[in-house]
There are 2 protein chains.
Amino acid sequence: MTTTRAPRRDAAENRDALLAAARVELNLDADASLEAIATRAGLSRRSVYGHFATRDELLRELLTSGATRVSHAMAGVDHPDPTIRLALIASRLWFEVDDIRVMAVFAVRGPLKTHTAAALQPLRDRVLAAVVDGVALGELRTDIPAGRLARLVEDSALSALAASSRDNIAAPEAHRLAMLLVLSTVGLSATEAAAVIDGTPELAWPAR
Amino acid sequence: MTTTRAPRRDAAENRDALLAAARVELNLDADASLEAIATRAGLSRRSVYGHFATRDELLRELLTSGATRVSHAMAGVDHPDPTIRLALIASRLWFEVDDIRVMAVFAVRGPLKTHTAAALQPLRDRVLAAVVDGVALGELRTDIPAGRLARLVEDSALSALAASSRDNIAAPEAHRLAMLLVLSTVGLSATEAAAVIDGTPELAWPAR
DNA sequence: ACTATCTTGCACAGCACTGTGCAAGATAGT
DNA sequence: ACTATCTTGCACAGTGCTGTGCAAGATAGT
C-alpha cells in the first residue's frame, strides 16, 4: 500500500493557518485572492499550492471543516420544547459566526453552491424538525408553511450575525439578539421571546 | 453653449434595454460580465461602450435609477400609525423587488458601496422614522435600539424577497410574507401581525 | 550533522475580463 | 435619397488573477 507519510509539524500548522486566514479574509471579501489569504497566514502565495492543489480545494476544505465544527456545536441540542430548541440552536450557532458566515456566502454564489448546501443539510434538518414540532404543538406561527419558515429562521439568524459585525455589538448582546430574532421570526412577540430566553438557564450567556 | 443633440430613438431604447438587462442579469449573478448583459439586451458587448463609458458607469446609473424608482414608490406612504406605515413600506417595496435586490447587493460589496448607501439613505430614513415613532408610542419592541432595529427591518424585508424568488412564491403571498416578516421583526406576534394586515385595507393585495 | 520536507522567489503560460481604435455596415429621420 | 447616428466585428493592450516549473534556501526531526 502507498502510505502517505505524516507531514512535518510546521507544515501542519501552516496548513491550519491558511484555513484560518481564509476564514477571516473571506468574511471580509468573498472574492479574496490567494495572495491575500496567504499573506494573512504569513506565507507566500506559492506555498499555498504545497497544501492545496487549487483554490477550489482550499475552499472545499474550509467549508467542510466549518460544517463539522457546526455539527459538533449542535451536539446535545435536544430540549423537549421546540421553541427553546430553536433558541438553543441560534445560541450555539452564534459561537461559530465565522464559519457560518462563510458558509452562508458560498451556499448562494459560485460553483461550491451544491457542496455547501450539502454540508449545511444536517443543520437545516435540525431547524426544520424543531419548526415542525413547534407548529404541531401550537407554539409557533402557522401562517407560513414550516419548510419556508425554517429557511426564514436561517435568514434571520444570519441577519443577526451581520448586524453584530456591522455595529460591532458586544458578544453577550449579539448572542441575545440572534435568539430574539429567531424567536420573532417564528411568531413570538418581543415580550414572549424575552420571557422564553430569560426563563431558560441554558439560553443565558455562559458565565466565564 | 455646447448642447448635446437628442439621441436617436432606437439608441434610447437600447440604452434602456441595457439597464433592464443589467437588472435581470445582476440579480442572477452579481458579477455578470458586460458580455452577458449586452447579449441579454440583444446587443454586442462593443455597443455598450456607446452608451456607458465604463462598466462602473452602467452600474451607477442602474443604481440611481433604482433609487428614484423606489423613492417614487414611497411617495404617499404616510399613515398615522407607525406600525401600519412600516407594513406599507414593505408592501410598496415589494413591487420594486428587482431594483431593491440589486441595490442590496451593491450596498454591501464592491466599490459602489458608498454610492449605493447614499442612494438608499432616504428609504432608510423613512424606516428609521417609523420605527422611532412606533417605539415612542409603545407599539414596537424596545429591547433593540431603534437604529439597529431599523436595519434589521431592512434585512427581514430582503429575506422575504429572497424567499419569494427561491421558492417562487405567488405574488400576493410573497407580498404578504414581506409584511408579516417586517412586523414580526419589529416585535409583533404572528397573530398581531395578521390582525394589522387584515384590518388595514391599504395593505391588502391590490385587486386587478 | 544530515536529510527529507517545506518555503520562497522568479518566470511564465493561461484565462476572463475591461476598455479602445477603426472601418464597414445598418438604420432612423428628414 | 441622403446623412448623421448607431451597431458590429475584429484586433489589440492592459489588468489581475490562478496554476506550474525550477532552483535556491530554510527548517524540523533524527
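Each chain gets a letter, A, B and so on, in the order the sequences are listed, and its residues count up from 1.
Checking D/dG9, D/dC6, C/dG19 against every side-chain atom of B/S44, the shortest atom distance belongs to D/dG9. When distances are taken from the side chain of B/L34 to each of C/dT7, C/dG19, D/dT7, the shortest belongs to C/dG19.
Distance B/E13 CD to C/dT27 C1': 12 Å, rounded to the nearest Å. The nearest whole Å value for the distance from the CG atom in B/L43 to the P atom in C/dT27 is 13 Å. For the pair B/R46 CZ and C/dA26 C1', the interatomic distance rounds to 16 Å; values are reported in whole Å. B/E35 has its CD atom 14 Å from the C1' atom of C/dG19, to the nearest Å.
Under the 4.5 Å side-chain criterion, counting only non-hydrogen atoms from C-beta, A/L26 is in contact with A/F106.
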inquiry  = Between A/H51 and A/E61, does the side chain to side chain contact (heavy atoms under 4.5 Å, CB included) criterion hold? Intermediate values first, please.
reply    = CA-CA 11 Å; A/H51 299 279; A/E61 182 114 357; over 6 Å; no
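For the pair B/N14 and D/dC6, the criterion of a side-chain N or O lying under 4.0 Å from OP1 or OP2 is not met.
In terms of heavy-atom proximity, B/A104 sits nearest to B/V108 at O-CG2, 3.5 Å. Contact detail for A/M103 and A/A67: the closest heavy-atom pair is SD-N, 3.8 Å.
Residue contacts for B/S33: at a heavy-atom cut-off of 4.0 Å it reaches the sugar-phosphate backbone alone, with no base atom in range.
Ion pairing between a basic and an acidic side chain is recognised when a charged N comes within 4.0 Å of a carboxylate O; B/R151 and A/D167 show no such pairing.
For the salt bridge (Lys or Arg N to Asp or Glu O under 4.0 Å) test, no residue two or more places apart in sequence or in another chain qualifies with B/D98. The salt bridge (Lys or Arg N to Asp or Glu O under 4.0 Å) check on A/E13 picks up A/R9, with sequence neighbours excluded. The salt bridge (Lys or Arg N to Asp or Glu O under 4.0 Å) check on A/D56 picks up A/R60, with sequence neighbours excluded.
In this structure, A/H51 and B/T54 both approach DNA chain C, and ranking their closest nucleotides by distance from the 5' end singles out A/H51. Judged by closest nucleotide on DNA chain C, A/A6 is the one of B/D31 and A/A6 placed further toward the 5' end.
Side-chain atoms of A/R45 come within donor-acceptor range of the base of D/dG19, with a qualifying N/O pair under 3.5 Å.
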For a quick test of your reading: what N or O donor-acceptor pairs under 3.5 Å do the side chains of residues 172-188 of chain A make, sequence neighbours left out?
residue : atom : partner : partner atom : Å
A/E173  : OE2  : B/R148  : NH1          : 3.0
A/H175  : NE2  : A/S91   : OG           : 2.8
A/R176  : NH2  : A/D198  : OD1          : 2.3
A/R176  : NH2  : A/D198  : OD2          : 3.1
A/S184  : OG   : A/L180  : O            : 3.1
A/S184  : OG   : B/R141  : NH1          : 2.9
A/S184  : OG   : B/R141  : NH2          : 3.4
A/T185  : OG1  : A/S156  : OG           : 3.3
A/T185  : OG1  : A/L181  : O            : 2.9

Got a list of protein N/O to nucleotides 28-30 of chain C N/O distances below 3.5 Å?
residue : atom : partner : partner atom : Å
C/dA28  : O4'  : B/R8    : NE           : 3.2
C/dG29  : OP1  : B/R9    : NH1          : 3.3
C/dG29  : OP2  : B/R9    : NH1          : 2.6

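Helical stems in DNA chain C, defined as runs of 3 or more consecutive Watson-Crick or G-U wobble pairs with both donor-acceptor distances under 3.5 Å, are listed by first residue as C:1-30 with D:1-30.
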